[in-house]
Amino acid sequence: MVKYKEQIMKVVFFIAALVSIAAVALICIFLFANGVPAMAKIGIFNFIGGSTWAPSNEPAEYGIFPMILGSIYVTAGALVVGVPIGLLTAVYLAKFCPKHIYKVLKPAVELLAGIPSVVYGFFGLVVLVPFIRDNIGGNGTGSILTASILLGIMILPTIITVSESAIRAVPDSYYEGSLGLGATHERTVFRVILPAAKSGILAGIVLGIGRAIGETMAVILVAGNQAIIPNSVLSGVRTLTTNIVMEMGYASGLHREALIATGVVLFVLILLINALLSVVKRRSE
Amino acid sequence: MKVKSTKKILAVLAASVLAVSAFTACNSNSGNGSSSGTTGSADTSSFDKTKQVTVITRENGSGTRDAFIELTGLLEKGSDGSKKDNTTASASTLNNTQAVMSSVAGNQYAIGYISLGSLNDTVKAFKVDGVEATAENVKNGTYKISRPFNIATKGEGDDLTKDFISYILSKDGQDVITKEGYVSVIDDAKAYAGSKPAGKIVIAGSSSVSPVMEKLVEAYKQINTGAEIELQTQDSSSGIKAAISGTCQIAMSSRDLKDDEKESLTPQKIALDGIAVIGSNSNPTDNLTLDQIKSLYDGSITTWKLK
């Protein structure tokens with residue numbers, strides 16, 4: 001009887017494990033089956049290297065190079081904003097923060113992660129975009145700068161949480177040993193603990209990249225969405241994700257397939273990031 | 001112990017400084033916001049006509065964009081059937097009416113366009129060639145940026161087709177259309193008094209007409225529960241082709257029918273849709289010519305001096 005139950009439960013667990021694999025496989029099949037023929041029809045170089053996106057023109061042009069660049073620029077900008085702030089916050093939380101401040105700060109960071117992205121986007125549209133336009137410059141409904149700042153804020157919780165636990169995971173003997181050799185608390189944290197927690201912190205940053213590159217609803221409201229190769233940080237930009245979401249509602253025929261093919265490119269980018277993450281993780285083990 | 005308590009005091013001090021600075025930042029921000037927002041309609045003195053216009057457009061494929069570029073002449077049609085959308089590449093693109101409106105409301109140098117039905121007083125609609133954007137002017141044809149919503153049938157159609165069309169043209173149907181923000185075309189519509197026949201029909205065509213048609217179908221199905229109506233959304237031309245070939249009973253079109261199409265189909269205008277060109281309330285410009293709108297959108301005019 002016991003063995004019988006054991007067998008059943010084994011099957012149940014196996015099916016549960018299969019569900020997620022099946023989901024990934026189905027999405028892969030759907031994306032590639034719909035996207036790759038479109039890429040072939042447009043021409044892979046025209047698609048990935050083309051700089052004009054004009055699907056309503058006759059003949060239509062489907063070049064997503066501006067969007068690929070857009071995604072990369074915006075993600076890089078988010079890292080410039082988010083990594084220093086996130087990392088210093090994590091160090092503060094783990095090594096400098098008094099307990100009563102920690103009690104407020106930690107839930108605040110977690111709350112930041114819980115805010116829906118469209119709310120971030122609306123905040124950006126109403127507060128950030130006019131602020132940047134009036135005080136720094138630029139024209140339009142957003143720019144690389146506004147999108148970077150907003151995404152930088154959005155990836156903070158990921159970076160802070162992962163980095164903090166990486167810092168806490170460094171054995172106490174490192175800290176004590178360094179103090180014993182005469183180093184101050186600060187010197188120990190920045191010269192001993194941080195280097196020891198390096199790979200965990202890197203993992204946090206890579207996860208942040210994944211979040212930034214996949215973010216859509218917030219970016220669509222603060223990036224301006226011009227399908228052009230940006231020439232400054234104040235220029236508008238369109239990312240791969242926003243391109244899909246903006247036009248999917250009305251698209252038909254090759255236009256629709258081209259949007260799915262845009263998804264394929266995004267998917268490959270995310271796969272690369274995940275591969276990077278596992279490399280980083282393996283090094284830490 | 002002493003050290004700890006001074007640390008505590010320091011921390012509290014730091015926190016309060018942070019809080020105060022956050023507050024003042026908030027205040028100054030909201031102060032700025034209100035000065036450019038509420039007093040905006042009266043205060044046009046701060047408007048700098050040499051500043052660059054923020055051109056806001058809709059995404060490719062949007063029905064509003066399609067109609068706008070066609071009516072303003074931004075769509076360049078070649079004799080070989082080629083089409084080119086001349087909207088400037090530096091135009092900001094947003095994918096819904098609400099985002100267009102809040103962006104225009106918050107930026108005094110912006111220009112955008114939305115369906116007339118969505119217009120409210122957070123933004124102002126420019127006169128086009130001196131004609132105000134109102135439902136009335138759309139109806140009498142003086143407001144240029146408007147388009148008809150047509151349906152077309154082959155001959156008279158079967159009972160259900162006839163009955164559904166009589167519903168659309170009745171007071172009940174036209175009320176649904178006005179409620180959706182479009183302009184009704186029939187002044188003295190009578191209440192619906194059809195025979196409610198059972199049956200099945202297919203309606204196909206324009207994605208611009210489709211949202212309002214969906215509402216009409218919903219309302220009609222509540223009255224006539226025996227009717228089965230399938231709505232297929234493509235574009236005007238495919239809908240018309242389908243009606244000619246008989247694969248659908250009613251075609252939806254957001255343009256007038258061409259002469260050769262009229263040979264086999266009977267068109268019927270069911271509503272009008274106006275597109276309002278909008279700007280900030282603090283923009284002193286009141287009137288734009290169709291040509292100026294085109295030049296603003298193709299990038300040949302870049303400032304509100306409009307030259």
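As the structure is a prediction and not an experimental result, all values here were calculated from the model. So you know, we letter chains A, B, ... as the sequences are listed, proteins then strands, and number each from 1. The figures that follow rest on heavy atoms only: side chains count, while hydrogens, waters and symmetry mates do not.
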Which residue out of P55(A), G236(A), S235(A) racks up the most heavy-atom pairs below 4.5 Å with chain B?
P55(A)
Are the side chains of P130(A) and N107(B) in touch, meaning some heavy atoms are under 4.5 Å apart?
no
Do Q226(A) side-chain atoms and S90(B) backbone N/O form a donor-acceptor pair below 3.5 Å?
yes
Euclidean distance, M246(A) CE relative to R58(B) CZ, rounded to 0.5 Å:
10.0 Å
Sort and list the pairs that fulfil salt bridge (charged side-chain N to carboxylate O under 4.0 Å, His left out) and have at least one residue in residues 127-140 of chain A, not counting sequence neighbours.
none
Under a 4.5 Å cutoff for heavy-atom pairs, which residue among D85(B), T54(B), L94(B), D80(B) has the most contacts with chain A?
T54(B)
Just wondering, do L125(A) and S103(B) contact through their side chains at under 4.5 Å, heavy atoms?
yes
So for S82(B), is it side chain, backbone, both, or neither that comes closer than 4.5 Å to the heavy atoms of chain A?
both
Who wins among V53(B), D66(B), N96(B) for the most heavy-atom pairs under 4.5 Å with chain A?
V53(B)
So what's closer than 4.5 Å to chain A heavy atoms on R65(B): side chain, backbone, both or neither?
neither
If you measure from OG1 on T141(A) to CD1 on I56(B), what distance do you get to the nearest 0.5 Å?
5.5 Å
With a 4.5 Å limit on heavy-atom distance, are the side chains of K83(B) and N57(A) in contact?
no
Which portion of V104(B) sits near chain A, non-hydrogen atoms under 4.5 angstrom:
neither
Residue R187(A) excluded, over 12 heavy atoms near CZ under 6.0 Å
no
Would you indicate whether F65(A), at its atom CZ, is surrounded by more than 12 heavy atoms from other residues, nucleotides or ligands within a distance under 6.0 Å?
no
Which atoms of I220(A) approach chain B - backbone, side chain, both or neither, heavy atom under 4.5 Å
both
Chain A contact via A89(B) - side chain, backbone, both or neither, heavy atoms under 4.5 Å:
both
Check whether the side chains of S56(A) and N60(B) place a donor and an acceptor atom closer than 3.5 Å, and report yes or no.
yes
E247(A) side, atom CD; N95(B) side, atom CG - distance, nearest 0.5 Å:
9.5 Å
Kindly write out the residues that satisfy salt bridge (Lys or Arg N to Asp or Glu O under 4.0 Å) with K124(B), not counting sequence neighbours, or none if the list is empty.
D286(B)
